[in-house]
Amino acid sequence: MGAALVVVLVSGASVGALVFSQIKDSITTVSLVGETEGPPPSIGAFDGGFNILIVGSDKCEDDSGCDGRGDANLNDVTMLLHVSEDQTNAVAVSFPRDLVVPIPSCPQADGTGTNSAMSARPINETLYYGGLPCTVLTVEALTGLDIQFAGLITFNGVIQMSDAVGGVDVCVDAPIKDRYTGLNLPEAGTYTLSGADALAFLRTRHGVGDGSDLTRISSQQVYLSSLVRTLKSGETLGDPLKIYNLAKAATANMTLSQGFSNLDTLASIALALKDIPLESVTFVQYPGTTGADGVYSGKVAPVKAKAQELFDLIESDTPFALAAVGDDKGSTLDPNAPVADPATPDPAATADPSAAATAPAAPVETLDITGQTAADYTCSKSFSGK
């Protein structure tokens with residue numbers, strides 16, 4: 001869900017640009033705090049690297065009232081995408097919706113005033129207090145990173161985009177049935193999910209892992225990694241109609257920051273993302289833990305030392321590896337994952353054998369945080385506590 005806009009960008013710029021040019025006058029935009037007026041700078045002005053915040057709203061879009069859930073506008077998903085300065089790798093950080101963080105002073109969502117700063121509130125309340133600009137300010141303060149672009153997508157957008165791509169394959173290790181989201185996967189195996197089923201899978205918390213916000217993110221990464229593989233496949237990139245429908249579904253269901261709504265900027269971001277290999281697209285979750293008391297009771301407390309280590313590496317564009325794939329609670333390795341053909345040589349390894357033999361690989365730091373790459377095939381783990 002958090003990768004919704006990245007879907008369009010990775011899918012290619014040409015058809016997406018055509019759709020955008022046709023409907024750009026109807027795109028909803030919002031100005032971030034401190035965002036300059038006039039034409040936005042090109043990606044080159046950011047020395048090749050950039051940060052995009054993708055927010056998924058859980059606002060009810062059903063006239064029937066969404067089963068009495070009300071009309072509160074909270075960020076159900078908050079994901080920060082960082083692309084390195086040399087544009088060879090990307091890291092997508094998911095922030096647990098129940099993560100308790102300081103929220104800085106933010107303009108009110110209706111523009112009538114300013115909300116005072118708060119020292120400890122769940123991050124998913126930022127959209128309610130001050131809209132997308134407040135979520136951006138909060139994540140910037142939490143991570144120390146400047147966010148140049150931001151986009152907000154609705155539930156309807158997620159549904160339409162999963163339909164446009166033709167569904168996303170997800171693996172589950174056991175039956176999953178969640179009465180809260182309506183998800184019903186009756187047996188272990190791989191399912192191609194689209195429409196409301198895809199949304200239900202992304203939203204389910206009670207159906208996966210230990211029923212917590214943290215294991216839900218691990219399960220979401222099963223979907224997101226499969227989504228990226230689907231998008232970068234020939235079946236998608238070679239189908240202009242799919243790309244057209246993806247671009248149309250995304251732009252019709254998103255609110256974009258002013259700089260992000262510029263066609264040239266979108267095209268340049270697409271070019272930066274399209275050639276990043278799957279193994280260099282890493283999904284991680286912001287380090288957090290449950291079970292603490294005080295302001296963290298019933299919520300997620302940040303693990304600040306691990307978070308600092310993560311964002312120091314991201315800010316310096318230092319590559320890192322994960323100690324494990326998934327968390328073995330909300331996700332686990334797919335036992336039926338495809339195996340690379342050993343008879344197929346690696347072009348990088350055979351291009352200059354003598355160089356490969358004399359140039360040792362640069363050391364890569366290993367982080368003990370939850371996540372996986374887009375190249376990792378994983379399965380969601382059914383909630384065993386039911």
Side-chain angles (χ1 to χ4, degrees), residues 1-5 30 32 52-61 66-81 92-110 115-143 147 150-158 178 180-181 199-206 208-209 211-221 224 254-255 283-290 292 294-303 307 330 370:
M1 184 175 178
L5 189 56
V30 63
L32 303 180
I52 305 172
L53 189 70
I54 304 296
V55 175
S57 167
D58 69 356
K59 185 175 181 179
C60 177
E61 299 173 296
C66 299
D67 298 322
R69 184 166 55 83
D71 59 358
N73 190 19
L74 304 175
N75 32 312
D76 196 57
V77 169
T78 303
M79 178 178 288
L80 177 65
L81 176 72
V93 183
S94 292
F95 298 83
R97 59 169 291 154
D98 294 332
L99 181 72
V100 175
V101 299
I103 298 179
S105 176
C106 296
Q108 293 179 0
D110 61 7
N115 289 312
S116 299
M118 292 169 278
S119 61
R121 297 300 305 169
I123 196 171
N124 74 319
E125 294 180 0
T126 56
L127 198 60
Y128 169 77
Y129 286 123
L132 186 59
C134 189
T135 307
V136 169
L137 286 174
T138 302
V139 174
E140 286 184 329
L142 185 64
T143 65
I147 297 172
L152 172 68
I153 189 167
T154 64
F155 281 169
N156 284 343
V158 175
D178 181 1
Y180 295 95
T181 65
L199 178 63
F201 179 86
L202 287 165
R203 295 200 67 214
T204 184
R205 183 182 69 194
H206 300 279
V208 296
S212 73
D213 192 25
L214 300 183
T215 53
R216 182 182 78 144
I217 290 177
S218 296
S219 178
Q220 288 174 341
Q221 291 172 348
L224 294 173
M254 295 196 74
T255 297
F283 296 99
V284 299
Q285 66 173 262
Y286 186 96
T289 185
T290 57
V295 296
Y296 303 116
S297 178
K299 301 296 181 181
V300 177
V303 180
T370 301

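One-based numbering along the sequence shown.
Of the possible polar contacts, none joining the Q108 side chain to the Y129 backbone as a donor-acceptor pair under 3.5 Å is found. Between the side chain of Q220 and the backbone N or O of L202, at least one donor-acceptor pair lies under 3.5 Å.
Between R97 and P122, the shortest heavy-atom distance links the atoms O-CB, 4.0 Å. When all heavy atoms of S94 and I217 are compared, the pair lying nearest together is CB-CG2, 3.7 Å. Heavy atoms only, all atoms of each residue included: T126 and C134 are closest at O-CB, 3.5 Å. Pairing each heavy atom of S57 with each of L152, the nearest pair is CB-CD1, 3.8 Å. Nearest approach of V93 to Y286, heavy atoms of both residues: CG1-N, 3.9 Å. Shown here for V300 and G288, the closest heavy-atom pair between the two residues is CG1-CA, 3.8 Å.
The one candidate from N124, N75, V139 that meets the side chain to side chain contact (heavy atoms under 4.5 Å, CB included) condition with V55 is N75. Among L127, T143, T78, I123, the one residue that satisfies the side chain to side chain contact (heavy atoms under 4.5 Å, CB included) test with T138 is I123.
Taking the side chain as every heavy atom from C-beta outward, L80 and I52 never approach each other to under 4.5 Å.
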Begin from the C-alpha positions of D98 and R216 and carry the test salt bridge (Lys or Arg N to Asp or Glu O under 4.0 Å) through to its verdict. CA-CA 12 Å; D98 294 332; R216 182 182 78 144; over 6 Å; no
Side chain to side chain contact (heavy atoms under 4.5 Å, CB included) assessment of M254 paired with T154: CA-CA 7 Å; M254 295 196 74; T154 64; over 6 Å; no
Hey, mind stepping through S218 and T215 against side-chain hydrogen bond (donor to acceptor under 3.5 Å, both in side chains) and telling me if it holds? CA-CA 5 Å; S218 296; T215 53; over 6 Å; no
Side chain to side chain contact (heavy atoms under 4.5 Å, CB included) between N73 and Y128: does it pass, once the steps are laid out? CA-CA 5 Å; N73 190 19; Y128 169 77; 5.5 Å; no
Walk me through it: do R203 and F155 pass the test side chain to side chain contact (heavy atoms under 4.5 Å, CB included)? CA-CA 10 Å; R203 295 200 67 214; F155 281 169; 3.2 Å; yes
Apply side chain to side chain contact (heavy atoms under 4.5 Å, CB included) to the pair Y296 and T290, showing each step before the final yes or no. CA-CA 8 Å; Y296 303 116; T290 57; over 6 Å; no
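Between L99 atom CG and T289 atom OG1 the span is 11.0 Å, to the nearest 0.5 Å. If you take CG on L132 and CG on L53, they are separated by 6.5 Å, rounding to the nearest 0.5 Å. Atom-to-atom distance recorded for M118:CE and I103:CD1 is 4.5 Å, nearest 0.5 angstrom. Rounded to the nearest 0.5 Å, atoms CG (L74) and OG1 (T135) are 10.0 Å apart. Interatomic distance, CG of L137 versus SG of C106, reported as 5.0 Å (0.5 Å rounding).
Ionic pairing of D213 and R205 is not present here: no N-O contact between side-chain nitrogen and carboxylate oxygen is shorter than 4.0 angstrom.
Pairs engaging residues 121-136 under the salt bridge (charged side-chain N to carboxylate O under 4.0 Å, His left out) rule: R121-E125 [sequence neighbours left out].
For E140, there are no salt bridge (charged side-chain N to carboxylate O under 4.0 Å, His left out) partners at least two apart in sequence or on another chain.
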